[in-house]
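Note sheet for the following structure.
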Number of protein chains: 2
Amino acid sequence: MSGPRFEPVRAVRAYERVVEQVEEAIESGALSPGERLPSERELMVQFSVSRSTVREALRVLQARGLVRSRPGDPNGAEVLPFTPAALHKSMTTLARVEELSLAELVQFRMVLDSAAILLAARLRTDEQLAEMAEAVARMRAALELGEDAFSAADVAFHEVVARAGGNKLIQICTDVVRSIVVRLISEKLAGAPDREALMRQSIRHHEEVIAAIRLADGPLAARLSRKAMYDYYAGYVPAAERGVLRALLD
Amino acid sequence: MSGPRFEPVRAVRAYERVVEQVEEAIESGALSPGERLPSERELMVQFSVSRSTVREALRVLQARGLVRSRPGDPNGAEVLPFTPAALHKSMTTLARVEELSLAELVQFRMVLDSAAILLAARLRTDEQLAEMAEAVARMRAALELGEDAFSAADVAFHEVVARAGGNKLIQICTDVVRSIVVRLISEKLAGAPDREALMRQSIRHHEEVIAAIRLADGPLAARLSRKAMYDYYAGYVPAAERGVLRALLD
DNA sequence: GCTAGTGCACTGGTCGGACCAGTAGGCTAC
DNA sequence: GTAGCCTACTGGTCCGACCAGTGCACTAGC
């Protein structure tokens, strides 16, 4: 016979209550990006807590990327528009403490990027298609300009595609993981053999993908994009782990 | 001619320095999960900052899921093993403030889950295959037991698959997004028409997927899983948005 | 001798007050 | 009318204090 079901009471700290209330106000839209929170001294009155408690709450909210405070600002903390910064931070942490391999990260990109391309092939506007072509043109021009320009144009291409795919979650996740991958291999990048050949090949691949997108052949575009990413990154992945990447090639 | 390249100096607060140092120690492995940080009073000596500053740093580290502190604990804060809690938090925030639609979330699951299944079809062990079959058996048994048991068995199935796929990032992301989706539709779930038919259909689909995995036919298994997820969730997605989901069906 | 119980020394959580450097905007002096 | 100062705020940091917990060593009782 089970008696009255008591719920475990976890001791909830004062600053957590403050965090919850402010968080709720932001997520419900009662506070919009750009608006200001009351000053810390005002908040301590409203919440009936000390300033230390208010400040600990604000630190948490700041760590979650919801607000930002600036010393000397005559207004209170500013409510920020959503940025994937917190997502980025926790994924980076994940990558470090869980020791995610480069193979896993690249595989993740192959999956999500090709999905975005599949969707983009069906949903893209003509304008977006032109943007993609322009980005690839800039990649080609960057052959003369150097690594950074090439990389920037490449990022621009993938951003247009992700946007055209219409799924914000995919868009943000690809973006976050891409930056992690880029940082991981940036040091290896300089000393890599035959960078220029790799870049030329990458450009060809991108052009093939665009052609498939133009024809609205999503599955083909997706397949080509996976192949492109594999060819581009396989050299940086230990040979033993390349098998799991090839599993995604048709 | 560009002179010496000065970097912008952003004012770095004291507590941020503390966060960085502790974070580095954890991520580099100098501090392992289960180990203890020095007490707050000890940390204020080591870092030469006040206790308030130490505490703000600890709040940030706690928000990132790296440490936990318990009142009265004679030891310092405990270094935690990685949990996707922070990732979960930021994705949930993303879902709320960016107003991710259920369609986007389900689409994301279709993509990642089918990728995991594709990989699992090639990499799974016989033992994992048996686990999958057992999970589906429990789903069938749960027809008598109710919604919760069914859902739990379903989760177990997808967890085995994700594990068998061998990509921790995919595994964690599917897990996080699944819980968000589940919470989103949990209220609609009770009043849904013809739940039992949906559950029976879902079981059939799962069995088809297992069959394909058993035959190591990854692409088939992946396709079937996308179809399964579409059929299961389409009813909860506004008709106007179902098109983008169907774009993933072959 | 061993065990059960009691303090004690420590922990984190919270509070209040204080000072500093920085900012914005009103005010004053030119 | 404008340039420059002044003031009233802001957040960042520090300090000292108190409280309610916790674990452990020590002690009193068997």
Side-chain angles (χ1 to χ4, degrees), chain A residues 6-23 25-26 31 33-80 85, chain B residues 6-23 25-26 31 33-80 85:
Chain A
F6 296 119
E7 297 205 346
V9 283
R10 95 193 144 90
V12 55
R13 295 80 181 272
Y15 79 89
E16 287 180 336
R17 305 279 220 83
V18 175
V19 168
E20 282 170 16
Q21 287 197 46
V22 177
E23 205 166 28
I26 294 178
L31 280 170
E35 287 192 67
R36 300 308 190 100
L37 258 51
S39 74
E40 295 181 358
R41 288 166 177 86
E42 173 65 27
L43 286 174
M44 65 186 265
V45 175
Q46 290 192 24
F47 287 109
S48 303
V49 294
S50 73
R51 196 164 154 228
S52 326
T53 303
V54 168
R55 283 183 60 74
E56 291 187 24
L58 288 178
R59 287 288 84 82
V60 173
L61 291 168
Q62 183 166 320
R64 295 198 181 144
L66 293 175
V67 305
R68 176 187 53 179
S69 40
R70 214 162 38 98
D73 193 327
N75 302 310
E78 181 183 2
V79 177
L80 295 176
Chain B
F6 295 120
E7 298 203 345
V9 283
R10 92 193 144 89
V12 54
R13 295 80 180 271
Y15 79 89
E16 286 180 338
R17 306 279 220 83
V18 175
V19 168
E20 282 170 15
Q21 287 197 47
V22 177
E23 205 167 27
I26 294 177
L31 279 169
E35 286 192 67
R36 300 307 188 102
L37 258 49
S39 75
E40 295 181 359
R41 287 166 178 86
E42 173 64 28
L43 286 174
M44 65 184 264
V45 176
Q46 290 191 26
F47 286 110
S48 303
V49 294
S50 74
R51 197 165 150 228
S52 325
T53 303
V54 168
R55 284 183 60 75
E56 290 187 24
L58 288 178
R59 287 289 84 83
V60 173
L61 291 168
Q62 184 166 322
R64 293 195 183 147
L66 293 175
V67 306
R68 177 187 52 180
S69 41
R70 214 161 37 97
D73 194 327
N75 302 309
E78 181 183 1
V79 177
L80 295 176

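These figures come from a predicted structure and were not determined experimentally. Below, read A as the first sequence line, B as the second, and so on, with proteins coming before strands; counting in each chain starts at 1.
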For [X] and [N], give me the distance from atom [atom1] to atom [atom2], rounded to whole Å.
X	N	atom1	atom2	result
B:M44	C:dG13	CE	P	15 Å
B:L37	C:dT11	CG	P	13 Å
A:R55	C:dG16	CZ	P	16 Å
B:R17	D:dG12	CZ	P	15 Å
A:R59	C:dG13	CZ	P	17 Å
A:L43	D:dG12	CG	P	13 Å
B:Y15	D:dG12	OH	P	7 Å
B:R68	C:dG12	CZ	C1'	14 Å

Distance check: side-chain N/O of [X] vs OP1/OP2 of [N], anything under 4.0 Å?
X	N	result
B:T53	D:dC14	yes
B:R70	C:dG12	no
A:S50	C:dT14	no
B:R51	C:dT14	no

Quiz item: A:R13 side-chain donor-acceptor pair to C:dG12 base, under 3.5 Å: no
When you get a sec, tell me which of [options] is the closest nucleotide to the side chain of [X]?
X	options	result
B:A14	D:dG11, D:dT13, D:dG23	D:dT13
A:E56	C:dG13, C:dT14, D:dT22	C:dT14
B:R41	C:dG12, D:dC14, D:dG23	C:dG12

Most 5' of A:S52 and B:N75 on DNA chain C, judged by nearest nucleotide: B:N75
Contact check, side chains of A:V12 and A:R17, non-hydrogen atoms, under 4.5 Å: yes
Pairwise side-chain contact, B:S50 with B:M44, heavy-atom cut-off 4.5 Å (strictly under): no
Sugar-phosphate only, base, or nothing, as touched by A:R36 at under 4.0 Å among non-hydrogen atoms: nothing
Separation between CD of B:Q21 and CG of B:L43, rounded to the nearest 0.5 Å: 10.5 Å
Pair B:E23 + B:R64: basic N to acidic O under 4.0 Å: yes
Salt bridge flag under 4.0 Å for residues B:E78 and B:R70: no
